[in-house]
Amino acid sequence: MSITTSAPIATIASLSAHEGQTVTLRGWLYNLRASGKLLFPIFRDGTGTIQGIVPKAAVPEAVFETLKNLTLESSLTVTGKVRADSRAPSGFELDVEDVQVIQKVPVETPFPIQLKEAGVDFLMEHRHLWVRTPRQSAILRVRATIMRAAAEYFDTNGFIRTDPPILTPNACEGTSELFEMDYFDDDKAYLTQSGQLYIEATALALGKVYSFGPTFRAEKSKTRRHLTEFWMIEPEVAFLELDGLLNLAEGFITHIVTTVLAHHRADLKVIGKDVEKLEAVITPGGFPRVSYDEAHAMLETAFAEGKIEAPHTYGHDFGSPDETYISSQFDKPVMIHRYPAAFKAFYMQPDPLDPTKALCVDVLAPEGYGEIIGGSQRIHDYNLLKSRIEQHDLPLAAFQWYLDLRKYGSVPHSGFGMGIERAVAWICGLDHVRETIPFARTLNRIYP
RNA sequence: UCCUGAGUAGCUCAAUGGCAGAGCAUUCGGCUGUUAACCGAAGGGUUGUAGGUUCGAGUCCUACCUCAGGAGCCA
């Protein structure tokens, strides 16, 4: 047996450009069907899958025997001629001429992930192998594009990326549970739960900035929408007020969805997402903008008509079922603005028309995926911010630097944060965020 | 933290309180167009753990463990 060294190396995704040519693929055995003297191995290489055809009479005995006895997920190089075939899902098949096994999966320890159904616990325990399956690979490709498109939107609109520290001396917002660790001799450090306060500083230095990195929440949330470690992209803009912030969020999401639709229709099909729902998001006309008061009125009507089970109490935050109902009324993300300040973060600017309201916005994804963006205009007045810190029983000393920003050339400014995993779950139509990140960290799982 | 549910073969799941089973996977055999291929055969079990009730417990009771998804909180 000899490998055909003269054949050019190709990827499965690029095979349409090699029709009629003999090429060498490098990858793994994804599946193998046999029919007597005819083998149908399916190869994958990370860019896609293709079925090979191996008639016993057409190849050397050793090639046939090697493939016939090969175990799934064994690594290999395979050489063959690319042939168009209407029976193939991708339109192409490979007439195998030669194969070289790089590492054969031992027969006594077969690849544990079957092509049939499996439970969540088992799959998460084998996440390092689960990522090889077509659906999971497709999700990770879409995730990569969402992250690229998100950064690209800011990079091409004059924003400077300024990443905040991950180790912080205190809570950014003073609310969430934080992961605590020793910081050398006496001090404690905490993993960041948001970079917002830091990029307010860089926004006043550079004008338009953003940060993009991991954040950590030690809250014991056990739902399909929560991870303890997740990625967040946050813009912060000097001289930007709430209306401008809504425009920014709208353009940002539109760009991301447009980019995904331009590059991942095949992946979305594998994942099972209805692309028409994404196409509806980017039709002209902008996203619906609903005030907290208007949203509350919607919920009152819905409850009176029996469309939601529990009434919404005015002055309280919306619950998960409330958000699901509101978002179900629109086929685009809905922007809910001007929540009561009482249950919102301490740094949010009061609405001059009604100081009990905050100039803030939550963007709810369609189809019940919940909040994907939270943002606000920030308090720029020194004395107001100081009194809010005191009202919230936050340690004034820790926020001295943050107050400095309101002492040295303060200006109105605004920003928001988008959780990447929730955006991926929505755009891909997944029922849990644990599939949106290569290795999810959740309340009960830190392996593998 | 609270509520609810689930733990049985490697995986997915069955089994009136009465002999612990099937499909898939694995191994062996058959098949020249299969699409999570199909057909035949074989191997594979301390029913999550510890107690209890009973002639008899996978099944009923108690405690615990693990996981799940919902609430709260959030992106």
Side-chain angles (χ1 to χ4, degrees), chain A residues 30-42 49-58 64 69 71-72 85-90 93 95 105-126 129-130 133-135 172-173 175-177 193-196 214-234 249 309-310 316-324 343-345 361-365 369-375 416-426 431-434 436-437 442-445:
Chain A
Y30 171 68
N31 197 8
L32 176 66
R33 286 183 285 266
S35 178
K37 298 181 177 62
L38 187 60
L39 304 179
F40 297 99
I42 298 180
T49 61
I50 186 168
Q51 174 167 281
I53 316 296
V54 193
K56 187 175 172 67
F64 188 85
N69 295 310
T71 41
L72 301 193
D85 192 309
S86 59
R87 289 167 292 192
S90 66
E93 291 187 337
D95 289 325
V105 174
V107 291
E108 62 270 20
T109 55
F111 190 69
I113 310 288
Q114 293 184 32
L115 302 179
K116 290 222 171 191
E117 77 277 3
V120 167
D121 191 32
F122 179 82
L123 291 172
M124 288 304 291
E125 200 72 12
H126 295 82
L129 303 176
W130 189 23
T133 59
R135 177 183 158 87
C172 285
E173 302 182 15
T175 51
S176 298
E177 294 282 330
Q193 55 150 4
S194 166
Q196 180 202 315
T215 53
F216 307 86
R217 305 278 167 93
E219 311 221 339
K220 300 199 170 178
S221 297
K222 249 181 11 182
T223 81
R224 66 184 67 206
R225 301 180 303 280
H226 288 87
L227 297 170
T228 53
E229 176 183 331
F230 65 97
W231 283 64
M232 189 152 63
I233 186 163
E234 300 174 273
E309 289 185 7
H316 287 68
D317 203 355
F318 300 124
S320 235
D322 300 328
E323 290 187 350
T324 299
F343 59 79
K344 284 293 185 180
V361 60
D362 282 0
V363 180
L364 307 183
Y369 279 92
E371 183 184 347
I372 52 170
I373 279 181
F416 64 75
M418 183 182 83
I420 292 295
E421 287 73 20
R422 283 191 184 175
V424 176
W426 159 51
D431 63 9
H432 201 299
V433 290
R434 66 179 156 233
T436 67
I437 186 168
T442 59
L443 182 57
N444 293 315
R445 192 175 299 282

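Here is the naming used below: chain letters follow the sequence lines, and residue numbers restart at 1 for every chain. Computed from heavy atoms alone, side chains included, the values below leave out hydrogens, waters and symmetry copies.
- Scanning atom types as modelled, one donor and one acceptor separated by under 3.5 angstrom connect the side chain of A:R422 and the base of B:rC74.
- Rounded to whole Å, atom C1' of B:rA71 lies 14 Å from atom CG of A:D317.
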Q: Begin with the C-alpha distance, continue with both residues' side-chain angles, and end with the deciding distance and a verdict on side chain to side chain contact (heavy atoms under 4.5 Å, CB included) for A:E371 and A:R422.
A: CA-CA 8 Å; A:E371 183 184 347; A:R422 283 191 184 175; 4.1 Å; yes

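- If you check distances only, the side chain of A:S221 never reaches the base of B:rC74 with a donor-acceptor pair under 3.5 Å.
- The gap from the C1' atom of B:rC19 to that of B:rU49 amounts to 26 Å, rounded to the nearest Å.
- Within the shown strands, nothing qualifies as a pairing partner of B:rU8 under the Watson-Crick or G-U definition with both distances less than 3.5 Å.
- Between the side chain of A:E108 and the base of B:rU26, no donor-acceptor pair of N or O atoms lies under 3.5 Å.
- Of the two residues near RNA chain B, A:M124 and A:P55, the one whose nearest nucleotide lies more 5' is A:P55.
- In this structure B:rC31 sits in no base pair that meets the Watson-Crick or G-U test at under 3.5 Å.
- Residue A:K222 places none of its side-chain N or O atoms closer than 4.0 Å to OP1 or OP2 of B:rG69.
- Side-chain atoms of A:T215 come within 3.5 Å of backbone atoms of A:F230 as a donor-acceptor pair (strictly under, hydrogens ignored).
- Both distances falling under 3.5 Å, in either a Watson-Crick or a G-U wobble arrangement, occur for no nucleotide opposite B:rA14.
- The pairing partner recorded for B:rC19 is none, the criterion being a Watson-Crick or G-U wobble arrangement whose two distances lie under 3.5 angstrom.
- The listed nucleotides are B:rC11, B:rC74, B:rG33; the one nearest the side chain of A:D85 is B:rG33.
- Across all strands shown, the partner of B:rC64 is B:rG48, judged by Watson-Crick or G-U wobble contacts whose two distances both fall under 3.5 Å.
- A:P106 comes within contact range of no nucleotide atom at all, as no heavy-atom separation falls under 4.0 Å.
- Side-chain proximity of A:F40 to the nucleotides B:rU12, B:rG33, B:rG23 is greatest for B:rG33.
- Atom pair A:F122:CZ and B:rA9:P shows a separation of 12 Å (rounding to whole Å applied).
- Using a 4.0 Å heavy-atom criterion, one finds that A:I53 contacts the bases of the nucleic acid, with or without backbone contacts as well.
- Between A:K220 atom NZ and B:rG69 atom P there is a gap of 18 Å when expressed in whole angstrom units.
- As judged by a 4.0 angstrom heavy-atom cut-off over every strand, A:D362 is placed among residues making no nucleic acid contact.
- Among the nucleotides B:rA75, B:rG33, B:rU32, the one closest to the side chain of A:A57 is B:rU32.
- B:rG72 is unpaired under the criterion used here, namely a Watson-Crick or G-U wobble arrangement in which both key atom distances are under 3.5 Å.
- Residue A:N444 places at least one side-chain N or O closer than 4.0 Å to OP1 or OP2 of B:rA68.
- Candidate nucleotides B:rG69, B:rA75, B:rA25 were compared by shortest atom distance to the side chain of A:L227, and B:rA75 ranks first.
- Side-chain to base pairing of A:E93 with B:rG33: one donor and one acceptor N or O lie within less than 3.5 Å of each other.
- Within the nucleic acid shown, A:R33 comes within 4.0 Å of at least one base atom, counting heavy atoms only.
- Contact between the side-chain N/O atoms of A:R225 and the OP1/OP2 oxygens of B:rC74 is not found at any separation under 4.0 Å.
- Comparing B:rU27, B:rA71, B:rG33 by their nearest atom to the side chain of A:S320 picks out B:rA71.
- Look at B:rU54: it lacks any Watson-Crick or wobble partner with both distances under 3.5 angstrom.
- Nucleotide B:rC11 holds its P atom 14 Å from the CG atom of A:L129, rounded to whole Å.
- With P as the reference atom, B:rA71 and B:rC38 are 40 Å apart, rounded to whole Å.
- Across all non-hydrogen atoms, the minimal contact from A:L227 to A:E421 is CD1-CG, 3.5 Å.
- Checking B:rU59 for Watson-Crick or G-U wobble geometry (two distances, each under 3.5 Å) identifies no partner in any strand.
- Nearest-nucleotide assignment on RNA chain B puts the 5′-proximal partner with A:P321, out of A:I420 and A:P321.
- Nucleic acid contact class of A:E125 (heavy atoms, under 4.0 Å, all strands): none.
- Each of B:rA75, B:rA71, B:rG33 was ranked by its minimum atom distance to the side chain of A:E371; first place goes to B:rA75.
- Among the protein residues, A:A34 comes within range of the nucleic acid bases, having at least one heavy atom under 4.0 Å from a base atom.
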Q: Before giving the answer on salt bridge (Lys or Arg N to Asp or Glu O under 4.0 Å), spell out for A:E93 and A:R87 the whole-Å C-alpha distance, their side-chain angles and the decisive distance to 0.1 Å.
A: CA-CA 9 Å; A:E93 291 187 337; A:R87 289 167 292 192; 5.1 Å; no

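- For A:K116, taking side-chain heavy atoms from C-beta onward, the closest of the listed nucleotides B:rA75, B:rG23, B:rG10 is B:rG23.
- As rounded to the nearest Å, B:rG45 and B:rC2 have P atoms that lie 39 Å from one another.
- Residue A:H226 places none of its side-chain N or O atoms closer than 4.0 Å to OP1 or OP2 of B:rA75.
- The NE2 atom of A:H126 sits 14 Å away from the C1' atom of B:rU12 (whole-angstrom rounding).
- Using a 4.0 Å cut-off, some side-chain N or O of A:R434 falls inside it from OP1 or OP2 of B:rG69.
- A distance of about 39 Å separates the C1' atoms of B:rC28 and B:rA68, rounded to the whole Å.
- A:V107 comes within 4.0 angstrom of the backbone, heavy atoms only, and of no base.
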